Protein chains: 2
Amino acid sequence: METPIEQAVAVLRRNQLKITKQRQALLDYLVTYQDHYVAISEVDEHMRTLFAGMSHNTIYRNVKEFETLGLLELKSQANQTLVKYQCDFEHQHHHHFVCSNCGKVTELQACPLDEYEAQLPGCTITGHRMEIYGLCAECTQKQAN
Amino acid sequence: METPIEQAVAVLRRNQLKITKQRQALLDYLVTYQDHYVAISEVDEHMRTLFAGMSHNTIYRNVKEFETLGLLELKSQANQTLVKYQCDFEHQHHHHFVCSNCGKVTELQACPLDEYEAQLPGCTITGHRMEIYGLCAECTQKQAN
DNA sequence: AAACTAAATAGTAATGATTATGATTTAGTT
DNA sequence: AACTAAATCATAATCATTACTATTTAGTTT
């Protein structure tokens, strides 16, 4: 069984991108964010602590490159870009519930897009985003106490 | 019939906020963005051209204050905060289709939240966002030529 | 295994949106 | 007209992100 990192490296190869130490280290770190989002600026800070001398540019550029390859998911929030590892290569299309207390991300089944298409005659739909936020079951539980 | 500005001023009064020249000018400008989003930084630039000496602080603070009053809608995109006037006081809850070419915003009917609640047992849902993007009918038409 | 080359990175500095701060002004009230 | 809390101004700082150019390196070729 291939690990997520091995899968990711295979994707890089398939796209003729070089497997650099920096990219490997980035993937190693980001793979720990499979069910949470993290700010790129925090990834930047972390990587530059681990590897003195690593360039901001390298981190930001690669994160964005990895997104176009489908390895990561990005979203914009509070004037920051947040990133999360996308490990579900089989089902890339999905939507999220995000706990605003612990940050846990839950994938939602089904997509509401179909319902809306009829409301947009003549339009070209290129993308959409559906996100629900609140407290996950665990945090709801804790809050009750 | 009350104008949007009059309605907004009434909301300010109801919340014991002072009706300053700056706030009136801001509303006058923002009311022109009822079906488009605009970057706050652009609002800032515009207002400071109109009123030499107006403070960044004043603009950013008020835009955020107006959002909490339900006068404006904000969203984060590409490391900027975008703002749009919310004039539909009757139906505050809705979702959007945003044309990525001309920026036109179309309100969508119906909300997909209900479908998902069953998938989140024990969770507390505090909010959600559904947004579709692409080209509006007009821009699709033009692109075809 | 050494040479090669395009791609990637480092190092430094700049940019641009937003926020902080403390002194001054003003809307609405007394 | 005086009063006062709220709002604004003016200035500077902060923080995420991007730009730029010289240097390094992964992967290939000889």
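Note that the structure is a prediction, hence the values are computed from the model and not measured. In what follows, chains are A, B, ... by sequence order, proteins preceding strands, each numbered from 1.
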Measuring to OP1 and OP2 of [N], would you say a side-chain N or O of [X] lies under 4.0 angstrom away?
X       : N      : result
A:Lys64 : D:dT17 : no
B:Arg61 : D:dT8  : yes
A:Thr58 : C:dA10 : yes
B:Thr20 : D:dT8  : yes
A:Ser55 : C:dT12 : no
B:Gln16 : C:dA27 : no
A:Tyr60 : D:dT18 : no

Distance check needed: [N] [atom2] versus [X] [atom1], whole Å only.
X       : N      : atom1 : atom2 : result
B:Glu42 : C:dG16 : CD    : P     : 14 Å
A:Leu17 : D:dG27 : CG    : C1'   : 13 Å
B:Glu45 : C:dT18 : CD    : P     : 12 Å
A:Asn15 : C:dA7  : CG    : P     : 14 Å
A:Lys18 : C:dA7  : NZ    : C1'   : 4 Å
A:Gln22 : C:dG11 : CD    : P     : 11 Å
B:Leu82 : C:dG16 : CG    : C1'   : 15 Å
B:Gln80 : C:dA17 : CD    : C1'   : 7 Å

Picking from [options], which would you name as closest to the side chain of [X]?
X       : options                : answer
B:Arg23 : D:dT8, C:dT9, D:dT17   : D:dT8
B:Lys21 : C:dA20, C:dA27, C:dT9  : C:dA27
A:Asn57 : D:dT18, D:dA19, D:dA7  : D:dA19
A:Thr81 : D:dT17, C:dA10, C:dG28 : D:dT17
B:Asn79 : C:dT19, D:dT18, C:dT9  : D:dT18

Identify whether the distance between the nearest side-chain nitrogen and carboxylate oxygen of [X] and [Y] falls below 4.0 Å.
X        : Y        : result
B:Glu138 : B:Lys104 : no
A:Glu65  : A:Arg23  : yes
A:Glu73  : A:Lys75  : no

(message) Taking the nucleotide of DNA chain C with the nearest heavy atom to each, does A:His56 or A:Glu65 sit closer to the 5' end?
(response)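 First, find each residue's nearest nucleotide; the 5'-ward one identifies A:Glu65.
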(request) Measure from the side-chain N and O atoms of A:Ser100 to the backbone N and O of A:Gly134, and report whether any donor-acceptor pair falls under 3.5 Å. (result)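 Yes, A:Ser100 side chain to A:Gly134 backbone: donor-acceptor pair under 3.5 Å.
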(request) Once you apply the 3.5 Å cut-off to both distances, tell me the Watson-Crick or G-U wobble partner of C:dT30, or none. (result)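 Base-paired to D:dA1.
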(message) Taking pairing as Watson-Crick or G-U wobble with both contacts under 3.5 Å, can you name the mate of C:dT12, or confirm there isn't one?
(response)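 Base partner found: D:dA19.
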(request) Measure up the A:His94 and A:His96 rings against each other and bin them: parallel (under 30°), tilted (30 to 60°), perpendicular (over 60°). (result)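 Tilted, since the angle between the ring planes falls between 30° and 60°.
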(request) Scan B:His46, B:Glu42, B:Arg48, B:Met47 and name whichever one has a side chain to side chain contact (heavy atoms under 4.5 Å, CB included) with B:Asp44. (result)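 Testing each of B:His46, B:Glu42, B:Arg48, B:Met47 against B:Asp44, the sole residue satisfying side chain to side chain contact (heavy atoms under 4.5 Å, CB included) is B:Arg48.
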